[in-house]
Every structure is written in C-alpha cells, then in structure tokens.
Amino acid sequence: MPASRFRPRVVILGAGFGGVNAAKVLGGAPVDVVVVDRTNHHLFQPLLYQVATAALAPSDIAAATRALLRGYKNIKVIMGEAVGVDADARQVCLRDGARLDYDFLVVATGSSYSFFGHDEWARHAHVLKTLDDALEIRSALLSAFELAERCTDVAEIRRLMTFVVIGGGPTGVELAGTIAELSRTTLARDFRTIAPDSAHIVLCEAGERILSAFTPEQSRYGAAMLRRLGVHVRTGAMVRAVDARGVDVGGERIEAALVLWCAGTAANPAAQWLRAVSAKNGGVRVKPDCSLPGRPEIFVIGDVASLDGADGNPLPALAPVAKQQGCYVGKLLRTKIEGGAEPGPFRYRDYGMMAIIGRSRAVAMLFGLRMRGFAAWLAWSLIHLMLLVDFRSRLTVYVNWSWAWFTYGRGARLLTRAPRWIEQRRVQPEDRASTRELTQGDMTK
Ligand SMILES: Cc1cc2nc3c(=O)[nH]c(=O)nc-3n(C[C@H](O)[C@H](O)[C@H](O)COP(=O)(O)OP(=O)(O)OC[C@H]3O[C@@H](n4cnc5c(N)ncnc54)[C@H](O)[C@@H]3O)c2cc1C
C-alpha cells in the first residue's frame, strides 16, 4: 500500500554523504521524509584514520543525524537497520521486524571492505569503516606499545611493535604514514624500556605501485615520503594468509601485532534486497538518473550504486560522488512532487582527489592541477576542514591539528580499559621485581 495519497513519503536508507544530502534538499518540500540509519550519527569517513591514530576524538568527525536535520520539520530520523525491501508492497523491512511504507525509496547504505573471498581473514585483520573500527584500531595500536613496554621476550617485543597495512590506496598510505609518525614522534618520548621509534611499519600493495589512481610520478613521491618516515613499502606483495599473529605476504611471513586491511571495498547488500543487477563490486546498476531499471520509484546512490561516468568507467566510491548524487536525487524528487522540469541525467563534477602522507606532505590532483608536497598538504587540510559537517567540528579539528602540528602531541590517546593480555596474565617474576623497586622508590621519596 502506498504510504499516503495526500503527501508522498520518501524513505532514505543511510545517513551518510548521499542520504543526508538527499534529505536536506527535500527539507521543506511537501513530502514526508524518513531517514533510517543503523547508527545515530553522520560520519566523516575521510578523517577516520585520524581517530584510529589518536589525533582526533570521535566527536570531532561525527555529528548526531537528528541534530543535522533538526531544522526540517518534514524530516523524521529513525535508528534501525534495514534488512530487505519488499518492492512490490513498497515497504522497507527492518531487523526488528518493523516495516516502513514508502512512495519513493532512496537507498544510500554505502559499502564495506571485501576480503576477496577470504572472509576468515576478517577475524584477524582490522578494517576502518565505522567509529567502532577506528576506536578498536586505536586501542589495539596503543595497547601494543603498552604490552611491549612490559615484555621481556625480544621476539615478542618485535612482533608487538610491527604493524602491517594492506592496500596502498589513499587510506592505507594515510594510516601507514600516520602510525610511523605517531611512533617516531609522540610515543618516542613517552616510553622508557622500548624505543617506539623502532616500530616496524609495513605497507603491502599487490599492484606495481601505491596510489595507483594518481600519476606514476606522484606514486613515486608518495613511496619516497613514506620511506623517509620509516615505512617499509612493499609493492607486488600479494597477501596469502592473515592469522592472529601476522600475515603471509609476498612469500614472506611477517609476525605483527596489528594487521590493517585497506584493500578493496564491496557495496552493502542492497542488490540482493532489490533483486537488481549488480556490478563486480556488488554495486546496484542504476539508470543515468540513479533510478533502478523497471522501478522508477527506487533510487540507489553513493557507494552502493554503480553508474558509469562520462569516460565509460564506473564512478569511484568517493564522498563527492555520493554527495552530488544525493543532491541530484533530492532535486529530482522535488520536481516529481512539486512539478516543474526534471533535471537531465546525473553528471559527476570531478574536482579531483588527494592523499596525505604524514604530517605535512600530500599528493593531489585538483581542478586538473597536479600537486605534491607541502602545498598539496595545505590544500588537503583546508578542503577537509571546509567539508566537515558543522562549525563545532571545524573549530575543534583546527585546534587539534594546530596543536599536533606544533607540538607533535596527540590528545586522544586514552585507553579506557587495560589490554586483555595484562588483565589475564599472572604476575611474572620481573613484574614483582619492578613493583618492589617502585614501592621502595616511592618510600624513599
Ligand atoms: C577510511 C576511509 C577513508 C576515506 N577517505 C575518503 C577521502 O579522502 N575522500 C573521499 O572522497 N572519499 C573517501 N572515502 C570514501 C567515502 O567516505 C565514501 O565514498 C562515502 O562515505 C560514500 O557515501 P555513501 O552515502 O554512499 O555511504 P556512507 O557515507 O558510508 O553512508 C552509509 C550510511 O548507511 C548506513 N547503513 C549501512 N547499512 C545500513 C543498513 N542496512 N540499514 C541502515 N543504515 C545502514 C551507515 O551506517 C552509514 O551511515 C573514505 C572511506 C573510508 C572508509
């Protein structure tokens, strides 16, 4: 049953870049909008790696969806997880059994990581997609140094201070560079037994070069800058296995505390819900107006969609694509509901792409200009500040970045619970000795 004969209802699945922008364009229109997300926040994923490496706090890069859409009386926000769509009945099915009627549906549920058919690796490798993922990585990373500080076995210390990043795209490069900097600057001053600056950071890329979407010259620059930071860059290194103690990669075994998976993404499973044709990455193939073939009332946008660009290649899974598609579908629906000339097919305006390498270097292709080094880093910083969702986030991120830039300090380094290893381990003789020393030292003060 259609939701209403008087005021149409648009259900938007996902409050990411695509969903929030579609909703904002529909704000104030004669339509009831329901935004459904399994979390209660909109997340700025491009800066997730900074939460994972203790540079920023979660609240700096995320905002409550309700607060973002508070100004629009016709928009309702629901926290819930979609598990299916009954397209004939025009209903969305939620995990708790609830069903939501719609007249128009916008699917913007994003993507997840793909382990290329090795889902068992997901048990041991960390991915970076949500705030929980970032906090887990931060906790594992900081705990590894804490554990190494108390460890007496040299081989185990080496393992605890080895971090393997798999995938040489922008996310892998940003993570590897930032972990190297964290260990060589901030942490290097804080430990007494271990030398954090001797941490072994390995970036593995199966292809011939890292940052393959950039020019070969920019890739070489990126690799050189990473090496200068102390990252071991390994290209042509295919992963064969990932387990609890490390990876088999490029014919070598690397014992590691942490394996970070930044290779390959796959669209979330909307294609199955919609019984739609999907691309290789699982993205729903859509028509040039982002609608589903044969279902003009259903639109699929952002990472979960697959649409070819002007060059005949599928549009990349990037925030600006999702954002522009969200605005486009919002406008299209407004004209369908309010009347007026419908916009032509969706056209992506490509302003470029960027990747940051450590504290003050980046590569960028902006408005057709190729940039690298400090100028690219400055452009990256300004653009990301502007793109953050609200003024409060911009201000706190700006203050945190400035502080970190001048002092190498990182404010978000708190571990809220002891690493499991410390909790469960019985006190060892060397611990008793150091405890005794500490007690005696304290008593003589
Ligand atoms: C670590 C990282 C770094 C990145 N860096 C960059 C960058 O520098 N530049 C760039 O342009 N792009 C970057 N991207 C890609 C960019 O973030 C995505 O392309 C963009 O977020 C896609 O927007 P979207 O709206 O399609 O999906 P998302 O922004 O992922 O939003 C999807 C939303 O749907 C919700 N959801 C998912 N499944 C369900 C469900 N079943 N029910 C209810 N809700 C659901 C999720 O909670 C989420 O809020 C990065 C991505 C990652 C992970």
Side-chain angles (χ1 to χ4, degrees), residues 11-23 34-53 61-65 68 77-85 92-96 98 100 106-113 126-134 137 165 167 169-175 178 211 213 260-265 267-270 272-273 281 283-284 290 299-307 315-327 329 348 350-356 362-364 380 383-384 387 389:
V11 172
I12 299 176
L13 297 182
F17 287 96
V20 160
N21 281 285
V34 182
V35 177
V36 184
D37 199 292
R38 61 185 172 198
T39 72
N40 75 338
H41 54 263
H42 168 78
L43 177 63
F44 191 76
Q45 293 170 24
L47 289 181
L48 260 181
Y49 80 96
Q50 298 216 356
V51 174
T53 52
I61 64 159
T65 312
L68 277 184
V77 176
I78 287 182
M79 190 170 149
E81 186 179 4
V83 290
V85 174
V92 170
C93 314
L94 301 187
R95 182 166 296 284
D96 59 12
L100 295 174
V106 181
V107 182
T109 45
S111 56
S112 326
Y113 281 94
H126 290 259
V127 294
L128 185 59
K129 190 70 193 168
T130 64
L131 277 181
D132 283 340
D133 295 337
I137 292 174
V165 180
T171 303
V173 166
E174 287 167 352
L175 262 177
T178 317
L211 297 173
L260 299 158
W261 187 266
C262 306
T265 55
N268 281 336
Q272 284 104 290
W273 302 345
N281 73 343
V284 178
C290 300
F299 297 85
V300 188
I301 58 174
D303 283 8
V304 73
S306 174
L307 176 64
L315 293 173
L318 289 174
V321 175
K323 216 170 163 174
Q324 290 176 31
Q325 287 183 328
C327 293
V329 165
Y348 174 51
D350 184 359
Y351 300 116
M353 56 184 174
M354 297 180 269
I356 193 163
V363 288
W380 179 95
I383 289 171
H384 280 76
L387 289 175
V389 81

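Keep in mind it's a predicted model, so treat the numbers as computed, not measured. In each ligand, atom 1 is the first atom listed, and ligand 1 is the first ligand listed. Atoms considered below: every heavy atom in the structure, side chains included; atoms not considered: hydrogens, waters and symmetry mates.
- When only interatomic distances are considered, the shortest N/O to N/O separation between Gly18 and ligand 1 falls below 3.5 Å.
- Residue Pro320 approaches ligand 1 through these ligand atoms, each under 4.0 Å from one of its heavy atoms: 11 (O).
- For the side chain to side chain contact (heavy atoms under 4.5 Å, CB included) with Val106, the qualifying choice from Val300, Val11, Ile301 is Ile301, the only one to do so.
- Looking at heavy atoms from C-beta onward, Val36 lies in side-chain contact with Leu94 at the 4.5 angstrom threshold.
- On a distance-only criterion, His41 and ligand 1 share no N/O pair closer than 3.5 Å.
- Polar contact with ligand 1: absent for Ser111 (N/O pair, distance under 3.5 Å).
- The nearest heavy-atom contact from the protein to atom 28 (P) of ligand 1 is Gln45 NE2, 3.6 Å.
- For the pair Thr109 and Asp303, the minimum side-chain heavy-atom distance is 4.5 Å or more.
- Residue contacts with ligand 1 leave out Pro170, since none of its heavy atoms falls under 4.0 Å from the ligand.
- Taking both residues in full, the closest heavy atoms of Trp273 and Ala82 are given as CZ2-O, 3.5 Å, listed atom of the first, atom of the second, then distance.
- With ligand atoms numbered from 1 in the order given, ligand 1 contributes 22 (C), 23 (O), 24 (P), 25 (O), 26 (O) to contacts under 4.0 Å with heavy atoms of Ala322.
- Side-chain contact between Pro170 and Tyr49 is absent, with no heavy atoms from C-beta onward closer than 4.5 Å.
- The Lys129 neighbourhood of ligand 1 comprises atoms 53 (C), with distances under 4.0 Å to a heavy atom of that residue.
- Shortest non-hydrogen contact noted between Val35 and Ala23 is CG2-CB, 3.9 Å.
- Closest protein heavy atom to atom 27 (O) of ligand 1: Gly110 CA, 3.4 Å.
- In this structure, Trp273 counts as a contact residue of ligand 1, since one of its heavy atoms falls inside 4.0 Å of the ligand.
- Contact detail for Lys129 and Leu43: the closest heavy-atom pair is O-CD2, 3.6 Å.
- Annotation for ligand 1: atoms under 4.0 Å from non-hydrogen atoms of Ala108 are 32 (C), 33 (C), 34 (O).
- Distance from atom 20 (C) of ligand 1 to its nearest protein heavy atom, with residue and atom name: Phe17 CD1, 3.6 Å.
- Nearest to atom 19 (O) of ligand 1 among the protein's heavy atoms is Asp303 OD1, 2.8 Å.
- The part of Thr171 lying near ligand 1 is the side chain, judged by heavy-atom distances below 4.0 Å.
- Residue-to-ligand polar distances place Ala319 within reach of ligand 1: an N/O pair is separated by less than 3.5 Å.
- Of the candidates Lys323, Met79, Arg38, Arg38 brings a heavy atom nearest to atom 36 (N) of ligand 1.
- In terms of protein heavy-atom proximity, atom 31 (O) of ligand 1 is closest to Gly16 CA, 3.2 Å.
- With sequence neighbours left out, Gln272 forms a side chain to side chain contact (heavy atoms under 4.5 Å, CB included) with Pro269.
- Ligand 1 lies less than 4.0 angstrom from a heavy atom belonging to Leu128.
- In this structure, atom 9 (N) of ligand 1 lies nearest to the protein heavy atom Pro46 CG, 4.0 Å.
- With contacts defined as side-chain heavy-atom distances shorter than 4.5 Å, the pair Tyr351/Ile383 does not qualify.
- Scanning the protein for heavy atoms near atom 40 (C) of ligand 1, the closest one is Ala82 N, 3.8 Å.
- For Ala15 against His42, the heavy-atom pair with the smallest separation is O-ND1, 2.9 Å.
- Residue, atom and distance of the protein heavy atom nearest to atom 47 (O) of ligand 1 are Asp37 OD1, 2.8 Å.
- Using a 4.5 Å cut-off on side-chain heavy atoms (C-beta onward), Val304 and Leu13 make no contact.
- Numbered from 1 in the order shown, with element, the atoms of ligand 1 that lie under 4.0 Å from a heavy atom of Gly302 read 26 (O).
- Among the atoms of Ala317, some N or O lies under 3.5 angstrom from an N or O of ligand 1.
- The two residues Ala134 and Leu48 come nearest to each other via the heavy atoms CB-CD2, 3.7 Å.
- Heavy-atom proximity to Gly14, at under 4.0 Å, picks out these atoms of ligand 1: 33 (C), 34 (O), 35 (C).
- The minimum heavy-atom distance between Val165 and Cys262, with the atom names listed, is CG1-SG, 4.0 Å.
- Using a 4.5 Å heavy-atom threshold, the side chains of Gln325 and Phe299 count as separate.
- The closest approach between a heavy atom of Gly80 and any atom of ligand 1 is below 4.0 Å.
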